[in-house]
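Atoms within a ligand are numbered from 1 in the order they appear, just like the ligands themselves. It should be emphasised that the depicted structure is a prediction, and the values quoted were computed from it without experimental measurement.
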Amino acid sequence: MSETIEIPEDIARAVVTPRSYAADAPLHEALRWLRKNQPLGQARLEGVNPFWVVSRHADILEISRQNDLFRSGDLATTFTTIEGDRIVRGLTGGSPHLLRTLVQMDAPDHAKYRVLTQAWFLPQNIRRLEDRIRQIAREHVDHMASLGGECDFVNDVALTYPLRVIMEILGVPPADEPRMLRLTQELFGAADPDLNRARAAADGAGTEGRGAIAELQAVIADFFMYFKSITDARKAAPGSDLATVIANGQIDGAPINDFEAMSYYVIVATAGHDTTSSSTAGAVWGMCEYPDAFAKVKADPSLIPGLVDEAIRWVTPVKHFMRSATADTEVGGRKIAKGDWLWLSYPSGNRDETVFEAPDEFRPDRSPNRHLAFGYGAHLCLGQHLAKMEMRILFEELLPRLQSLEFAGPATRSEANFVSGPKRLPIRYRMSPA
Ligand code: HEM
């Protein structure tokens, strides 16, 4: 390992710039370099507070597991510039967060809010959704079959399928889904010129300029307005959906307040959507790029859960979360000081060559597949079982009917350093009738 702690500037830029996530190869080249030469190095970029880039699988797990030592909410939970942080704190009266959701919380609040919905997300509870999800999956597979052998898998299938599922559990009627789709894309794709509200390239490294933050705030306000009506409806007439659990939740014996209930809807609506659609599209992308993977899964449907996990690893739709140290400590041979800010690079951990053989290859039969795309520790993804169930069901419905599959044009990825994945995936295919 090199003795200097500082990461070369071009490498640090490749890690934070939204464009590298669209280009993919330069990102993985930079991450490979980091794992080999500077696995826990410090990035010093103009206009940005210094931060450590954590690139090895083992170090990401070690940090994520110690939630008291490495907190999520003391500093910005996702990457921002000094100016971006200043603007957000100005708007919120000192908080580094525009939203207060589970991902920005720490002990003791985090556990109190997480426990509200934890049981709802357990496999034994969500299993009862299986028939309804299968029906939604079939509608999507039928739609794909009706498109005449060519489609953009992202826009024609992958975007609307998890959206429909998540909206159903949040009680959003189908007529409002296009609005929700637009809002999640605007929230997560804020740096992508095709996806943000102004349809313009964001300034700086992403979402931190004044205009971009005002835009994000407007998107959040729209979400809040929308979900306020759902909270009111579920309080008046409780059902068995997740929206009811949130709207009627109690924290320390008092009803959850509107702001926090709405933040909860926003995290579920957003965290559960783009991540799952990116991974679903990634599975199809992987099978186009690796025809032998397609042949294997077609021949042996018991590989479908493996296909799902491998797609989630290969895409790793959540690109980073930040943590900050509450005390002086040491990780991976590096001294970390109290107050230091750390970037957990999930795509890097998921391509760590000491954990995964041929990490850049798409292998549905990879076993074991110890990816960390869902994070680890107290914040481990609440929706992981739902995401995997949705994907499994879609491929159980799609693969028996899919006779051939290939790219039909250049596939592209979205420009974002927080959540990103396939943006267009033109494919050509033959399908048998239902
Ligand atoms: C392939 C799909 C998904 C991926 C890759 C993913 C990834 C992640 C990651 C990395 C975290 C950790 C955050 C942290 O450590 O700070 C997380 C948390 C979370 N995810 Fe997911 N997620 C996915 C699907 C879903 C779905 C379907 C839902 C809900 C319907 C969901 C809801 C949440 C929630 C509520 C949290 C916050 C948990 C907490 O902070 O305690 N996710 N997810």
Side-chain angles (χ1 to χ4, degrees), residues 54 60-61 63-67 70-79 97 99-107 109-118 120-123 125-126 129 133 158 161-170 172 184 188 241-243 245-246 263-283 307-324 342-347 349-350 371-392 394 418-422:
V54 187
I60 295 172
L61 292 188
I63 291 170
S64 305
R65 155 174 88 67
Q66 302 182 73
N67 295 93
F70 296 102
R71 284 165 59 98
S72 295
D74 292 351
L75 299 176
T77 308
T78 54
F79 177 77
H97 316 299
L99 287 169
R100 180 167 154 79
T101 76
L102 286 179
V103 291
Q104 287 92 16
M105 290 181 188
D106 290 292
D109 284 359
H110 175 255
K112 292 183 198 166
Y113 283 82
R114 188 169 162 115
V115 81
L116 281 186
T117 57
Q118 194 154 269
W120 195 93
F121 278 109
L122 286 177
N125 184 53
I126 59 168
L129 302 175
I133 294 179
Y161 170 60
L163 180 72
R164 178 74 47 87
V165 173
I166 217 81
M167 292 300 121
E168 205 154 294
I169 66 177
L170 285 178
V172 174
T184 29
F188 280 157
D241 55 11
L242 184 65
V245 176
I246 297 171
S263 297
Y264 221 125
Y265 295 126
V266 172
I267 182 77
V268 172
T270 51
H273 176 221
D274 270 13
T275 49
T276 314
S277 51
S278 288
S279 307
T280 305
L307 169 75
V308 167
D309 262 318
E310 179 66 345
I312 296 169
R313 181 194 73 87
W314 202 56
V315 175
T316 311
V318 177
K319 306 304 179 187
H320 80 274
F321 267 110
M322 307 297 295
R323 295 289 191 266
S324 60
L342 301 101
W343 167 298
L344 305 181
S345 175
Y346 302 118
N350 278 344
H371 71 75
L372 40 71
F374 291 119
Y376 192 65
H379 290 276
L380 176 68
C381 178
L382 257 185
Q384 62 162 327
H385 303 295
L386 179 63
K388 289 205 265 191
M389 180 168 111
E390 283 175 48
M391 291 176 66
R392 170 179 59 76
L394 183 77
F418 175 36
V419 175
S420 84

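- Tyr264 contributes a side-chain N or O that, together with a main-chain N or O of Tyr113, makes up a donor-acceptor pair within less than 3.5 Å.
- Of the candidates Ser277, Cys381, Gly421, Cys381 brings a heavy atom nearest to atom 19 (C) of ligand 1.
- Using a non-hydrogen distance threshold of 4.0 Å, Phe121 registers as a contact of ligand 1.
- Donor-acceptor pairing under 3.5 Å is recorded for the side chains of Arg114 and Gln118.
- Heavy atoms of Gln384 found under 4.0 angstrom from ligand 1: none, in either backbone or side chain.
- When heavy-atom distances to ligand 1 are checked against a 4.0 Å cut-off, Ser72 has no atom that comes that close, whether in backbone or side chain.
- The closest protein non-hydrogen atom to atom 36 (C) of ligand 1 is Leu382 N, 4.1 Å.
- Ligand 1 is approached by Ala378 to a heavy-atom distance shorter than 4.0 Å.
- The single protein non-hydrogen atom nearest to atom 11 (C) of ligand 1 is Phe374 O, 3.8 Å, given as residue, atom name and distance.
- A donor-acceptor pair under 3.5 Å is formed between the side chain of Thr316 and the backbone N or O of Arg313.
- With a 4.0 Å cut-off on non-hydrogen atoms, Ala271 touches ligand 1 through its backbone as well as its side chain.
- What sits closest to atom 27 (C) of ligand 1 on the protein, heavy atoms only, is Gly272 CA, 3.4 Å.
- When Thr316, Val266, Thr275, Val165 are ranked by how near their heavy atoms come to atom 2 (C) of ligand 1, first place goes to Thr275.
- Looking at atom 12 (C) of ligand 1, its nearest protein heavy atom turns out to be His379 O, 3.4 Å.
- Judged by distance alone, the side chain of Arg392 and the main-chain N or O of Leu307 form no donor-acceptor pair under 3.5 Å.
- Gln104 has its side chain out of reach of Ser72: every pair of non-hydrogen atoms, C-beta onward, lies at least 4.5 Å apart.
- With hydrogens left out, the protein atom closest to atom 30 (C) of ligand 1 is Ile166 CD1, 3.1 Å, a heavy atom.
- Under a 3.5 Å cut-off, the side chain of His371 and the backbone N or O of Ala373 do form a donor-acceptor pair.
- Judged purely by atom type and a 3.5 angstrom limit, His320 uses its side chain to pair as donor or acceptor with the backbone of Phe79.
- Looking at Thr77, its side chain never comes within 3.5 Å of a backbone N or O of Gly73 through a donor-acceptor pair.
- Contact between Arg323 and ligand 1 is present, with at least one heavy atom of the residue lying under 4.0 Å from the ligand.
- Residue Tyr376 places every heavy atom at 4.0 Å or more from ligand 1.
- When non-hydrogen atoms are compared, ligand 1 lies under 4.0 Å from the backbone of Leu102 as well as from its side chain.
- With a 4.0 Å heavy-atom cut-off, ligand 1 is reached by the side chain of Val318 but not by its N, CA, C or O.
- Ranking protein heavy atoms by distance to atom 37 (C) of ligand 1, first place goes to Val103 CG1, 3.7 Å.
- Heavy atoms of Phe321 found under 4.0 angstrom from ligand 1 belong exclusively to the side chain.
- Counting heavy atoms only, Arg114 comes closest to atom 39 (C) of ligand 1 of the residues Lys388, Arg114, Gln104.
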